Protein chains: 2
Amino acid sequence: MCRNSLPDWIAAISHNKKNLVLKKGQTLFTEGDAVKGIYFVYDGIIKVHKNWNKDKEIILRFATRGDIVGHLGLGDGAAYPVSATAVEQTVLCFIDMPFFESSLNINGSLVKQLMRFFANELYQAEEKVKNLVHMPVKARIAQALLRLDEQFSTDEEGYLGIELSRQNLASFSGTIYETLFRVVNELTAEGIIKTNGRSMMICDKSALEQIIALENN
Amino acid sequence: MCRNSLPDWIAAISHNKKNLVLKKGQTLFTEGDAVKGIYFVYDGIIKVHKNWNKDKEIILRFATRGDIVGHLGLGDGAAYPVSATAVEQTVLCFIDMPFFESSLNINGSLVKQLMRFFANELYQAEEKVKNLVHMPVKARIAQALLRLDEQFSTDEEGYLGIELSRQNLASFSGTIYETLFRVVNELTAEGIIKTNGRSMMICDKSALEQIIALENN
DNA sequence: CGCATGCTTGAGCACGTTCAATTGCGGTGG
DNA sequence: CCACCGCAATTGAACGTGCTCAAGCATGCG
């Protein structure tokens, strides 16, 4: 269903494995950590990000219920090339690599699903590359908001189902705190989004799409 | 061997399929084209790129002998999200999707290799995302040169085994023609690279690495 | 009550892009 | 053989976006 979920097979694999609970802000693994296995998110939100310079990071994606994390460990590298941190309290299950590999050997359909999943992830990543090169900040932020809107359903009032600090939103948009601020202010002033202190609400989705479209002519 | 090659299995699949020859500059497919199958490069170089605005593009990667092209068609989209164009004369073989899918069903090892390949591609793409966000142009160009150096072996004099127009190099570095120009001039003046009109030569690899390292502190 | 920490805003600056003008060169036709 | 044209290479100057830095507020906690 969601492009990022492998609902059934992984669930089947993982159902008798031990669960893991991460509190908000806790980190699951960090760039450079040795690959031990992969993780399957039952509930909550994990951000997958890359750091440099202590207070600079770029958030590549959010993993939520039904998503997997750490799958880059399936590549040739012996270490994770990304970090994973809980954005809110998250329950996940750890599948050690030997077990996972043997599941892959037994279950051909799982591998195919996984391959397809990777293909979609790659698509997303390359789209992001393109956007970073040719879109101005405001459009990137608009895009980021729309992606959040797709991925996280909204509550009854219409607020996004993810509570993201501005810092995180900035990192997800590929910009810095202050810049994100001014743009969010703009968008709020224009009546396109609003915030209730906790989360955000997109009031005018087509306005966001239009901001993005300006660059794609 | 090379992270981007699937030497044996695909070769086995493809050995009785019809070959295809593309002249320099010819395009294999364009963003939005319906996915018909995937391609396997026997010889030559294909650039995989995304376009917008007629004369603006970003080159995501180069596919060369042993690489596959069009594999994003394996994702959920019905259309290629990228374009593919020959940088020099290229021989490749087309494998239609039904045939390829059935090969995947028969040959579990192939799927696993492919999955691993995707994982590595994803790693590369995410690395690129990071670099675009936090590196200044000069460092990105240095990085681009090093990647070319890795991927394309050098001739007896030490020149890169790829003849890339400056326009292409700019697109690969995520910048524009003029900017690339000035930086290439700088690098030449500093004695780090040189050019013989056809191709380029990296004279001082560690100097390039140092330019990149300045940003990663 | 005072210090610390994070939010907010302002001003300046730098990098890289844009635009335009000039040069160089190869091909073509007179 | 020279003159002209066209296109790509090259350079210069100016502009704008978005980042940096730092000061002003607010909020919280000892």
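These figures come from a predicted structure and were not determined experimentally. We name chains A, B, ... by the order of the sequence lines, and we start the count at 1 in each one. FYI, side chains are in, hydrogens and waters are out, and symmetry mates aren't considered; it's all heavy atoms of this structure.
- For the atom pair CG (B/D67) and OH (B/Y42), the distance works out to 13.5 Å, reported to the nearest 0.5 Å.
- What separates CD of A/E186 from C1' of C/dT8 is a distance of 15 Å, to the nearest Å.
- A heavy atom closer than 4.0 Å to some atom of DNA chain C occurs in no member of residues 187-194 of chain A.
- The ring of A/H71 has its center closer than 6.0 angstrom to the ring center of A/F117.
- For the OP1/OP2 pair of C/dT9 and a distance below 4.0 Å, the side-chain nitrogens and oxygens of A/N185 include at least one atom meeting the criterion.
- Aromatic ring pairs are classed by plane angle as parallel below 30°, tilted from 30° to 60° and perpendicular above 60°; the pair A/F94 and A/Y39 is tilted.
- Here OG of B/S83 is found 10.0 Å from CG of B/L28. Values are rounded to the nearest 0.5 Å.
- For the pair B/T90 (side chain) and B/A86 (backbone), a donor-acceptor distance under 3.5 Å is absent.
- With sequence neighbours excluded, the residues that form a side-chain contact (heavy atoms from CB on, under 4.5 Å) with B/F152 are B/I45, B/F62, B/T64, B/L148, B/I162.
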Nucleotide N/O to protein N/O under 3.5 Å, stretch nucleotides 14-17 of chain C:
unit_1, atom_1, unit_2, atom_2, d
C/dG16, OP1, B/V137, N, 2.5
C/dT17, OP1, B/T175, OG1, 3.2
C/dT17, OP2, B/T175, OG1, 2.7
C/dT17, OP2, B/T179, OG1, 2.6

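- Note: CZ (B/F181) to C1' (D/dG12) measures 14 Å, nearest angstrom.
- Applying the side-chain hydrogen bond (donor to acceptor under 3.5 Å, both in side chains) test between B/E126 and each of A/R61, A/Q124, A/K128 identifies A/R61 as the sole match.
- A donor atom on one side chain and an acceptor atom on the other are found under 3.5 Å apart for A/T85 and A/H49.
- The OH-P distance, from A/Y177 to C/dG10, rounds to 16 Å in whole Å.
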